[in-house]
S.K.: 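My questions all concern the structure below.
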Amino acid sequence: MSPVDHTQNIIEVENVFFSYGQCDVLKDITLTIHKGDYLGLVGPNGSGKTTLIKVILGLLKPRRGLIRLFGDDIKDFQNWHKISYVPQKTISFEVGFPATVKEVVLMGRYGRRGMFHKVTAEDRKKTEEALKEVNMWNFRDCLIGELSGGQQRRVFIARALASQPEVIFLDEPTVGIDKTNQEELYAILRKLNKDMDLTLVMVSHDIEKIVQETMHIACIDRTLVCHASPEDFLKDSPLQNILGYNIKMIHHRH
Ligand code: ADP
């Protein structure tokens, strides 16, 4: 396996401003994410984290500023299958929802092939691989609604993986699931980042876990407050006020 290229920036955000109506939500944000990075995005509630992700994904248009994805201006970017998104509000399926785990993950192939293509052997192979990566292959024929919240979350990660992305954005992936499932999810993400060279960007309120799991941390409070290694993040005492958290109590694992 070739080593991760830590110099190649795949996402570049330059001087980005965004407002909903009159209300400025992102102010002059400049941030780069390199290939193989595992970036934790933290900040208080309503600080603009989800908005920033939506701007990077082209779902919201910035008022000012530049976004480059894999070297292309976002306006010219075509290879959207390289970027997957696991949103915070993934639908919570009812018990009888008529889709199996396998079918939900197959949907992840549409981004690559289009909505109306015939399912190919390659689609099935990538679906199987994705489900195995998240330890959910044994559940492939279960109805999605029969699974626990933590298991559903892993299926959504498999769906994101099925499109063979190079970067996955995860918005609060562990909210509402129990500790054991959280630990399993973090272990899966660690493996995807380390073994598959996948770039991960994770929004989370769990500062302790972000410090332990990620390579870099960006703290957003409408502006970019800091973008640092976990070690330097822990040294930055003004962050405690912003995050309302005693970061001195946290120990970095690496
Ligand atoms: P975070 O993800 O950090 O909690 P968000 O990006 O969701 O923050 O929201 C940033 C700010 O933008 C908040 O004040 C929120 O109320 C506001 N906001 C979010 N979505 C909308 C919207 N669709 N219309 C108007 N205001 C919004």
Side-chain angles (χ1 to χ4, degrees), residues 11-33 37-69 74 77 80 83-92 149-150 152-153 156-157 159-160 165 167-177 182 185-186 189 199-228 230 232-234 236-247 250:
I11 293 173
E12 294 159 287
V13 175
E14 272 179 36
N15 308 112
V16 161
F17 290 74
F18 177 85
S19 1
Y20 292 106
Q22 300 296 314
C23 176
D24 273 342
V25 173
L26 301 178
K27 291 188 226 169
D28 204 11
I29 302 265
T30 295
L31 179 72
T32 53
I33 302 168
D37 204 352
Y38 188 169
L39 180 77
L41 202 52
V42 301
N45 264 332
S47 60
K49 302 179 295 296
T50 303
T51 303
L52 177 61
I53 289 183
K54 288 183 175 171
V55 166
I56 294 172
L57 295 171
L59 301 171
L60 297 171
K61 200 166 175 289
R63 183 160 61 75
R64 262 171 65 191
L66 192 78
I67 291 162
R68 262 192 301 273
L69 305 173
I74 194 167
F77 187 66
W80 286 103
I83 303 179
S84 279
Y85 177 38
V86 182
Q88 190 177 358
K89 295 189 182 77
T90 38
I91 313 150
S92 194
Q152 285 192 12
R153 212 63 63 90
F156 286 116
I157 292 173
R159 185 173 67 169
V167 50
I168 303 184
F169 287 82
L170 304 125
D171 199 346
E172 299 276 11
T174 59
V175 161
I177 62 178
Q182 284 187 13
L185 204 115
Y186 284 123
L189 295 178
T199 308
L200 300 178
V201 181
M202 175 168 68
V203 172
S204 178
H205 279 101
D206 191 342
I207 307 291
E208 194 167 341
K209 275 302 191 189
I210 284 274
V211 166
Q212 285 174 353
E213 299 291 334
T214 65
M215 277 183 211
H216 294 104
I217 301 175
C219 178
I220 306 275
D221 194 8
R222 310 238 161 170
T223 60
L224 182 72
V225 179
C226 91
H227 182 198
D232 289 342
F233 175 83
L234 289 178
D236 194 340
S237 48
L239 283 170
Q240 287 186 48
N241 299 334
I242 293 168
L243 297 167
Y245 205 93
N246 189 357
I247 55 179
I250 302 172

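Atoms within each ligand, like the ligands themselves, are counted from 1 in listed order. These numbers come from a predicted model, not from an experiment.
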S.K.: Compute whether any side-chain donor of one residue and acceptor of the other, for Asp37 and Thr199, lie under 3.5 angstrom apart.
M.R.: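 Looking only at side-chain atoms, Thr199 and Asp37 do not form any donor-acceptor pair under 3.5 Å.
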S.K.: Could you tell me if Ser47 and Asp221 have a donor-acceptor pair between their side chains, going purely by distance under 3.5 Å?
M.R.: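 Judged by distance alone, the side chains do not pair up.
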S.K.: For ligand 1, find each of its N or O atoms that sits under 3.5 Å from a protein N or O atom, and tabulate the pairs with distances to one decimal place.
M.R.:
| from | atom 1 | to | atom 2 | distance (Å) |
| --- | --- | --- | --- | --- |
| ligand 1 | 2 (O) | Thr50 | N | 2.9 |
| ligand 1 | 2 (O) | Thr50 | OG1 | 2.8 |
| ligand 1 | 3 (O) | Ser47 | N | 3.1 |
| ligand 1 | 3 (O) | Ser47 | OG | 3.3 |
| ligand 1 | 3 (O) | Gly48 | N | 3.0 |
| ligand 1 | 3 (O) | Lys49 | N | 3.0 |
| ligand 1 | 3 (O) | Lys49 | NZ | 2.8 |
| ligand 1 | 4 (O) | Gly46 | N | 2.8 |
| ligand 1 | 6 (O) | Thr51 | N | 2.9 |
| ligand 1 | 6 (O) | Thr51 | OG1 | 2.5 |
| ligand 1 | 8 (O) | Gly48 | N | 3.2 |
| ligand 1 | 14 (O) | Arg222 | NH2 | 3.0 |
| ligand 1 | 20 (N) | Tyr20 | OH | 3.4 |

S.K.: Is it possible for you to check whether Arg64 lies under 6.0 Å from the centre of the six-membered ring of Phe17, through NZ or CZ, and within 45° of that ring's axis?
M.R.: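 Satisfied, under 6.0 Å and within 45°.
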S.K.: Is there a donor-acceptor pair closer than 3.5 Å between any side-chain N or O of Ser19 and the backbone N or O of Asp24?
M.R.: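 The answer is no, because no donor-acceptor pair under 3.5 Å joins these two groups.
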S.K.: Could you tell me whether Arg68 and Glu14 have a side-chain N and a carboxylate O separated by less than 4.0 Å?
M.R.: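 Looking at Glu14 together with Arg68, the answer is yes, because their closest N to O distance falls below 4.0 Å.
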S.K.: Closer than 3.5 angstrom, by distance alone: can the side chain of Asp206 be matched with the main-chain N or O of Lys209 as a donor-acceptor pair?
M.R.: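 Yes, because the side chain of Asp206 sits within donor-acceptor range (under 3.5 Å) of the backbone of Lys209.
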